[in-house]
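Presented below is the structure to which this report refers.
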Amino acid sequence: MNQRLAHIALVVRNYDEAIDFYTQTLGFELIEDTPLSDTKRWVLVAPKGEGSCRLLLAQAVGEEQQSRIGNQTGGRVFLFLHTDDFWRDYNRYWQNGVRFVREPSVEAYGTVAVFEDLYGNLWDLIGVMNDER
């Protein structure tokens, strides 16, 4: 059996501001931006590199979805971004105005810092050592 996560839906306020943050601020690639209707688009972004799971940017519709923007996991870290060069990415994100809510620390699995995306969702930036946690 061979399975993998292909996409994770991320509820966003606006397609274009989310695309800008993920591509310009974090350096992700815009994989696809296809209109599905007058108000709905299929928007995929992904970190550069092989085998990355993609984020499906899903513009919120209605009060319930809008209430989830920035807090899809109840305040816990939502996504874990592994990098081959922690300090390169940490410094680039910091220079691009990304807000880090936990400073870098060295853990058994690598160097990690927690940052917020443009909506407040929490991410771990992890420079993985030997373990692929």
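Residue indices begin at 1 and follow the sequence shown.
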Path from L122 to V98 over hydrophobic side-chain contacts below 4.5 Å: no

From L56 atom CG to E32 atom CD, the distance as rounded to the nearest 0.5 Å: 9.5 Å

Q24 CD to L26 CG distance, which is reported to the nearest 0.5 Å: 10.5 Å

Same cluster (ILVMFWY, side-chain, under 4.5 Å), I8 and I19: yes

Transitive ILVMFWY side-chain link L81 to W87, under 4.5 Å: yes

Distance (rounded to the nearest 0.5 Å) between L44 CG and D33 CG: 9.5 Å

R88 and T83, any side-chain heavy atoms less than 4.5 Å apart: yes

Spacing of I31 atom CD1 and H7 atom NE2 [to the nearest 0.5 Å]: 10.0 Å

Distance, nearest 0.5 Å, that separates CG of D117 from CD of Q72: 8.5 Å

Verdict with supporting geometry, N121 and L79, side-chain contact (heavy atoms from CB on, under 4.5 Å): CA-CA 8 Å; N121 293 300; L79 297 164; over 6 Å; no

Point-to-point distance, once rounded to the nearest 0.5 Å, from CZ of R92 to CG of N96: 7.0 Å

Residue L36 excluded, over 12 heavy atoms near CG under 6.0 Å: yes

Stepwise side-chain hydrogen bond (donor to acceptor under 3.5 Å, both in side chains) test for S67 and Q65: CA-CA 5 Å; S67 74; Q65 289 181 16; over 6 Å; no

Y22 and W123 aromatic ring geometry - parallel, tilted or perpendicular at 30°/60° bounds: tilted

Side chain to side chain, R54 and V45, heavy atoms closer than 4.5 Å: no

Presence of salt bridge, E116 and R99, under 4.0 angstrom: yes

S105 vs T111, side-chain contact (heavy atoms from CB on, under 4.5 Å): CA-CA, chis, key distance, verdict: CA-CA 6 Å; S105 63; T111 304; over 6 Å; no

Criterion side-chain contact (heavy atoms from CB on, under 4.5 Å) on T39 and V61, from CA distance to verdict: CA-CA 10 Å; T39 58; V61 177; over 6 Å; no

Side-chain heavy atoms of L10 within contact of V12, under 4.5 Å: yes

Worked verdict on V106 versus M129 for side-chain contact (heavy atoms from CB on, under 4.5 Å): CA-CA 10 Å; V106 177; M129 287 181 182; 4.0 Å; yes

ILVMFWY network linking V11 to F21, side-chain heavy atoms under 4.5 angstrom: yes

Pairwise side-chain hydrogen bond (donor to acceptor under 3.5 Å, both in side chains) hits with a residue in residues 10-19, at least two apart: R13-E17, D16-R41, E17-Y119

Nearest atoms (heavy-atom pairs only) where A46 meets C53: CB-O, 4.2 Å

Any donor-acceptor N/O pair, Y109 side chain to V128 backbone, under 3.5 Å: no

Test ring pair (Phe, Tyr, Trp, His ring centres under 6.0 Å) applied to F86 - qualifying residues, sequence neighbours left out: Y90

In one Ile/Leu/Val/Met/Phe/Trp/Tyr side-chain cluster, 4.5 Å: F80, F100: no

Name of the residue among W94, F78, Y93 meeting ring pair (Phe, Tyr, Trp, His ring centres under 6.0 Å) with F115: Y93

